[in-house]
Protein chains: 2
Amino acid sequence: MHDKLREHIEKIVPLSDDEFAFVCTHFTPKKFKKHQFLIQEGEAVKYSYFIITGLLKLVHTDETGKQRIVSFAMEDWWESDYYAFYTQTLATMSLECVENTEVLCLSFEDYRKLCDGLQKMERFFLEKSNFGFIASQRRIISWLTSNAKERYEQLLKQYPALIQRVPKSLLASYLGVSRETLSRLSP
Amino acid sequence: MHDKLREHIEKIVPLSDDEFAFVCTHFTPKKFKKHQFLIQEGEAVKYSYFIITGLLKLVHTDETGKQRIVSFAMEDWWESDYYAFYTQTLATMSLECVENTEVLCLSFEDYRKLCDGLQKMERFFLEKSNFGFIASQRRIISWLTSNAKERYEQLLKQYPALIQRVPKSLLASYLGVSRETLSRLSP
DNA sequence: TCCTTAGTGTGATAAATATCACTTGATAAT
DNA sequence: ATTATCAAGTGATATTTATCACACTAAGGA
């Protein structure tokens, strides 16, 4: 189960067996079933999650109760309510299974210990964070320059696998359009 | 001039005088005038910039020539075309002065040397990147949950200083609405 | 001083998108 | 087998926003 983690990390920094063994001591595996919550709004955010298999949605709920998908997360991705995680405050979003999901859990304390104990891992997380930022910026640019149809096409192109696994109503929520509008875009 | 940098870094990690002297050797100060370009689309991105004084806009131009403000950057902020900077590829955006601006330039090579030579600085950049990512995610949530008027009000609230310094047409571009629509929102 | 340009506001109209209401087909639960 | 539930499509209409056209003001350059 941790093998996927090693492969994932070694795409960025090489690890010796000893180093990887050290890394592993910081993670706890856990399994969740479809519809279960990994993070609930208003509760503490204990972990950042590395996803081994499955699919999660990060959901923001506004004052009127409307839910929007902030992001999806699947195999080899990291996910959490990062503001709450890094500042150790209460969750403002929820993280929920779209499919049965296996994750490796990393507590904030272990995250800090891991970075302090092995500079390579701080380097790894820096790289991840940089490219996470770039991906968000791309999504903003997509918003700024494209209409609903174009954004949908870009999503199809970028994550073709996602479309097979997620109901269109959730894709609509991620794209920031109503499900009816999305339904009328396809042809 | 580097004092602002020290203060900025020490909000996250403390530095000895020797350490800060080491840090300084990696930065080069530069001055630009209003309308000058720090980065031009299609050219190499030599630096990440720390802004001492002034105001910049990061601009994306689409195929039809329409320009959109991806972000503004003012005192104490870092800015660059980060995808191009980190991957050492050509710029897909341009970075231009809205006001006369003084910056400290950090080349990619010096960025790596700085992180490798002083773990505190890798820690610093990790923290910056994490919160940069969170800020982008907030902007996405603002898009997903709010209409033009609400997004404008959120911007006014979050960066009241910006509104004094930037023409409304640029704010409109940043918010992803036409300047005419923005003009009709205020009352 | 005169002229140009940038910034802004506003009316009229078109286009994009949301909302509400209803239907259908597929799947899951009992 | 029957009934709920979910996902998806679609028509009618309302709302939001873009686009085009024009006017006005202030600031800067020749």
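A note on names: the letters A, B, ... follow the listed sequences, proteins ahead of strands, and every chain is numbered from 1.
- Between the side chains of A:S129 and B:S129, at least one donor-acceptor pair of N or O atoms lies under 3.5 Å.
- Taking atom CZ on B:R179 and atom P on C:dG11, their separation rounds to 14 Å, with Å as the unit.
- Remark: C1' of D:dA27 and NE2 of B:H35 are 13 Å apart, rounded to the nearest angstrom.
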Between the protein and nucleotides 14-17 of chain D, list every N/O to N/O distance that falls short of 3.5 Å.
unit_1	atom_1	unit_2	atom_2	d
D:dT17	OP1	B:A148	N	3.1

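- In B:E109, the CD atom is not crowded: 12 or fewer heavy atoms of neighbouring residues, nucleotides or ligands sit closer than 6.0 Å.
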Listed pairs under 3.5 Å, donor-acceptor, residues 20-30 of chain A side chains, sequence neighbours left out:
unit_1	atom_1	unit_2	atom_2	d
A:T25	OG1	A:F22	O	2.6
A:H26	ND1	A:F22	O	2.9
A:H26	ND1	A:V23	O	3.3

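- Taking atom CG of A:L175 as the reference point, atom C1' of C:dT17 lies 13 Å away to the nearest angstrom.
- Using bins of under 30°, 30° to 60° and over 60° for the plane-to-plane angle, the ring pair B:F50/B:H8 lands in the tilted bin.
- Between the C1' atom of C:dA18 and the CH2 atom of B:W143 lies a distance of 15 Å, rounded to the nearest Å.
- The side chain of B:E180 sits closest to D:dC20 out of C:dG9, D:dC20, D:dA7.
- Looking only at distances, a side-chain donor or acceptor of B:R165 sits under 3.5 Å from a matching main-chain atom of B:G54.
- In this structure, A:K66 reaches the sugar-phosphate backbone alone: every heavy-atom distance under 4.0 Å involves primed, P, OP1 or OP2 atoms, never a base.
- A donor N or O paired with an acceptor N or O is not found under 3.5 Å between the base of D:dG9 and the side-chain atoms of A:R184.
- The interatomic distance linking A:E150 (CD) with C:dA15 (P) rounds to 16 Å, in whole Å.
- Rounded to whole Å, the distance from NZ on B:K34 to P on C:dT5 is 16 Å.
- In this structure, NZ of A:K168 is placed 15 Å from C1' of C:dG25, rounded to the nearest angstrom.
- In this model, no donor atom of one side chain and acceptor atom of the other lie less than 3.5 Å apart for A:S16 and A:D18.
- Ring centroids of B:Y47 and B:F85 are separated by 6.0 Å or more, keeping the two rings apart.
- Between A:D62 atom CG and C:dA18 atom P there is a gap of 14 Å when expressed in whole angstrom units.
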